[in-house]
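Take a look at the structure below.
To find a chain, count down the sequence lines: A is the first, B the second, and so on, and within it residues start at 1.
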2 protein chains.
Amino acid sequence: MPGRHRPMATLATVAAAAGVSRQTVSNALNSPDLLRPETLERVQQAIDDLGYTPNRAARNLRTRASHLVGLRIEPALQGNASGLMDRFLHSLVESCKEAGLHVLLFAAEDVNDPLDGYDALLASAAVDAFVVTDTYRGNPQAAWLEARQVPFVAFGRPWAEPHAQHPWVDVDGRAGVGLAVEHLADRGHERIAWVGWQKSSYIGEDRRSGWLDRMHQRGLPTTRLSARGEDTIEFGRRAAHALVEGEQPTAFLCVSDTVAMGVLQAIADCGRRPGADDVAVVGFDDSLAAQVIPPGLTSVRQPLEGVAVEIVRLLEDRLAMRAVEHPHVILAPELRVRGTS
Amino acid sequence: MPGRHRPMATLATVAAAAGVSRQTVSNALNSPDLLRPETLERVQQAIDDLGYTPNRAARNLRTRASHLVGLRIEPALQGNASGLMDRFLHSLVESCKEAGLHVLLFAAEDVNDPLDGYDALLASAAVDAFVVTDTYRGNPQAAWLEARQVPFVAFGRPWAEPHAQHPWVDVDGRAGVGLAVEHLADRGHERIAWVGWQKSSYIGEDRRSGWLDRMHQRGLPTTRLSARGEDTIEFGRRAAHALVEGEQPTAFLCVSDTVAMGVLQAIADCGRRPGADDVAVVGFDDSLAAQVIPPGLTSVRQPLEGVAVEIVRLLEDRLAMRAVEHPHVILAPELRVRGTS
DNA sequence: GAGGCGTCTTGGAACGATCCAGAGGCTGCG
DNA sequence: CGCAGCCTCTGGATCGTTCCAAGACGCCTC
């Protein structure tokens with residue numbers, strides 16, 4: 001690194017300038033109430049004059065804390081995750097800032113190993129904690145991190161082990177879909193179809209249960225109104241065509257915006273226009289595409305800003321070693337109503 | 001931070017275990033060729049046995065380098081930037097990993113101050129370098145950072161000062177649009193309209209020049225075939241309607257996917273189908289929406305992976321204080337052909 | 001066999017902060 | 001007046017690594 005114009009000020013420099021000892025300067029920063037006001041001001045003056053900022057590395061070494069939070073960045077998925085991650089990341093960085101933390105991104109050597117990458121950062125004490133995001137495919141990370149007593153918070157429930165004790169924050173997909181059912185039913189729709197993911201997807205089944213339960217609650221039919229498949233446009237299209245040939249639903253509730261795009265195509269194939277012509281479509285994720293496609297896709301929006309806030313809150317508890325009784329937060333999404341419904 | 005099960009191994013621990021001095025262990029890691037093979041192996045064995053990893057903070061303190069690269073994350077924009085950032089970030093993290101660097105995200109207190117946030121990280125020696133991304137609105141950061149001799153690389157040319165000497169990497173928007181003109185002309189289109197951003201946008205004018213020049217080169221008309229406005233769907237729609245009423249272009253070349261979405265809507269308004277019906281549309285950015293909207297929007301794709309690689313390469317030069325003669329890289333985008341053309 | 005050289009190894013110092021124990025001045029109480 | 005106790009401030013030690021200068025050792029040469 002090229003040298004600075006002035007040699008960087010240190011505690012000792014400031015101490016000399018203020019005519020006090022190093023420790024006094026340190027106290028001025030970390031426990032100002034220990035100083036006599038007069039001394040404090042003198043030290044402050046010296047700090048300002050010299051433009052002093054504590055050296056991170058030295059502080060980290062001594063306090064054994066880096067105030068960095070590691071986040072493993074997953075390969076950009078083609079579909080739904082893209083765009084979501086953007087929003088989440090920004091909120092997370094913002095929330096971390098409030099807490100005096102920074103976000104350190106890292107990537108795995110081996111993408112398929114969900115543990116890869118964590119170890120290295122941990123062993124070198126480069127980060128204090130982690131935010132774990134890809135819990136949807138099981139969460140070996142949680143067990144691994146917990147065994148090592150590493151502070152971390154997961155975005156996403158431990159579906160496979162519902163009683164896991166580690167802190168997590170998640171979005172109530174089920175409630176979100178429930179909202180959508182309400183919305184559609186209020187507009188007079190009765191045959192509301194579900195276009196979802198495979199049974200093996202915990203998240204997919206959670207969202208589906210929101211549809212199923214609310215439909216039953218309102219006394220609406222669900223038989224032969226449900227399709228399941230992968231998260232692709234193509235699947236959405238095929239599923240919609242099949243459903244139309246069957247029970248002729250008037251509304252399609254989709255597990256993701258990607259699938260919803262396929263459904264929209266299928267409707268266009270039939271020469272009908274969603275929103276008008278008595279056909280409604282609702283997606284999930286409020287992706288950019290949902291906002292952009294005419295006439296605007298109604299979609300369930302995840303409160304990622306809130307998720308970030310809660311994650312950081314739990315992280316702070318954990319870092320401060322405050323025991324929290326039930327460190328689990330489920331946030332309700334909201335419905336963004338647009339032209340397709 | 002909660003204590004580990006075993007107290008973390010240190011250089012001294014390893015040295016004791018291997019029966020050598022601290023320095024020898026350090027050499028085993030940093031300049032293994034200084035050691036006799038036999039000694040090296042013994043040390044290696046001890047390192048493996050104890051699961052030793054050098055402590056980052058201590059190393060940072062001693063070497064005055066953090067191997068962290070700061071990236072200021074901007075508020076998620078509604079439009080084109082979203083999704084792009086995702087792709088870029090991932091590539092950057094990946095490239096940084098190759099170089100032994102990590103990416104540290106930070107946010108500004110005051111979003112409107114382009115310098116905010118850099119100072120704090122710099123003064124505390126938390127990062128070694130920066131990647132600066134928002135050069136499109138002028139780049140006071142570049143001047144500021146350069147004055148402080150801080151290593152950094154910009155993503156985006158210094159439009160306002162073309163001869164600035166700091167390293168930067170950019171995408172050749174002009175060439176990308178040129179590609180699109182070729183593509184459309186090859187398909188027989190002659191009246192190809194430009195739907196772009198305001199004259200005040202450097203990037204917008206750069207892209208437009210690609211259209212203008214290539215059109216002239218091929219002897220195609222451009223008068224009354226150009227519209228300029230803001231980056232919204234609504235503008236795209238209005239502009240397309242106006243153009244259709246005028247010169248009746250058969251193809252629309254758009255400065256962004258967002259604008260292109262508006263153009264697509266306008267075409268649908270007229271009851272025609274892009275791709276079929278002799279109307280073509282091309283966008284810019286290859287956003288998620290472009291991939292998802294039927295029948296697929298042809299779009300210019302920025303080589304963000306390549307951008308990240310080049311940025312890190314320049315960053316390494318800079319960090320190693322290697323003088324590079326002309327530290328500027330312009331990468332060519334490619335055209336993703338889809339249904340709309 | 002002494003001197004010189006190269007290879008390998010060593011202990012001490014330094015990076016810049018915080019922790020710790022204790023010194024000095026002041027007040028208040030017996 | 002003496003002493004405990006509080007407040008304020010100090011100097012030394014420490015975190016774990018790398019830099020530095022010098023020591024130990026073996027080998028070659030004269």
May I ask you to say what A:N30 touches in the nucleic acid, namely base, sugar-phosphate or nothing, with a heavy-atom cut-off under 4.0 Å?
-> sugar-phosphate
When the distance from CG of B:L11 to P of C:dG11 is rounded to whole Å, what number comes out?
-> 14 Å
Nearest-Å distance for atom pair CZ/C1', residues B:R56 and D:dC15 | 17 Å
Would you indicate what B:S21 reaches in the nucleic acid, counting non-hydrogen atoms under 4.0 angstrom: base, sugar-phosphate, or nothing?
-> base
B:R62 side chain N/O closer than 4.0 Å to the phosphate oxygens (OP1, OP2) of C:dA14?
-> no
Check the distance between C:dG6's C1' and B:L35's CG and give it to me in whole angstrom.
-> 15 Å
With side chains defined as the heavy atoms from C-beta onward, is the minimum distance between A:R56 and A:L68 less than 4.5 Å?
-> no
When rounded to whole Å, the CZ to P distance for the pair A:R42 and D:dT8 reads 14 Å
Give a yes/no answer on whether the side chain of B:T10 brings an N or O atom under 4.0 Å of OP1 or OP2 in D:dG16.
-> no
Check the surroundings of atom CD in A:E98: do more than 12 heavy atoms from other residues, nucleotides or ligands lie under 6.0 Å from it?
-> yes
Are any of B:T39's side-chain N or O atoms less than 4.0 Å away from OP1 or OP2 of C:dT9?
-> yes
Starting at CG of A:N60 and ending at P of D:dT17, how long is that distance when rounded to a whole Å?
-> 14 Å
When all nucleic acid strands are considered with a 4.0 Å heavy-atom cut-off, which category describes A:R22: base, sugar-phosphate, or nothing?
-> base
Mind checking whether A:L121 and B:H102 have side chains closer than 4.5 Å, heavy atoms only?
-> yes
Rounded distance in Å - CZ (A:R59) to C1' (C:dC19) | 14 Å
Which of these passes ring-ring contact (aromatic ring centres under 6.0 Å, His included) with A:H166: A:F152, A:F130, A:F155?
-> A:F152
What is the distance, rounded to the nearest whole Å, between atom CD of B:Q23 and atom P of D:dA22?
-> 15 Å
Take atom CZ of A:R36 and atom P of C:dT27, then tell me their distance rounded to the nearest Å.
-> 12 Å
Check B:A107 against A:K97 and note the closest heavy-atom contact, atom names and distance.
-> O-CD, 3.8 Å
Check every strand shown and say whether B:L61 touches a base, only sugar-phosphate, or nothing at a heavy-atom separation below 4.0 Å.
-> base
Taking only the side-chain nitrogens and oxygens of A:R64, find out if one of them lies under 4.0 Å from OP1 or OP2 of D:dC15.
-> no
Along DNA chain C (nearest heavy atom to each residue), the more 5'-positioned of B:T24 and B:A58 = B:T24
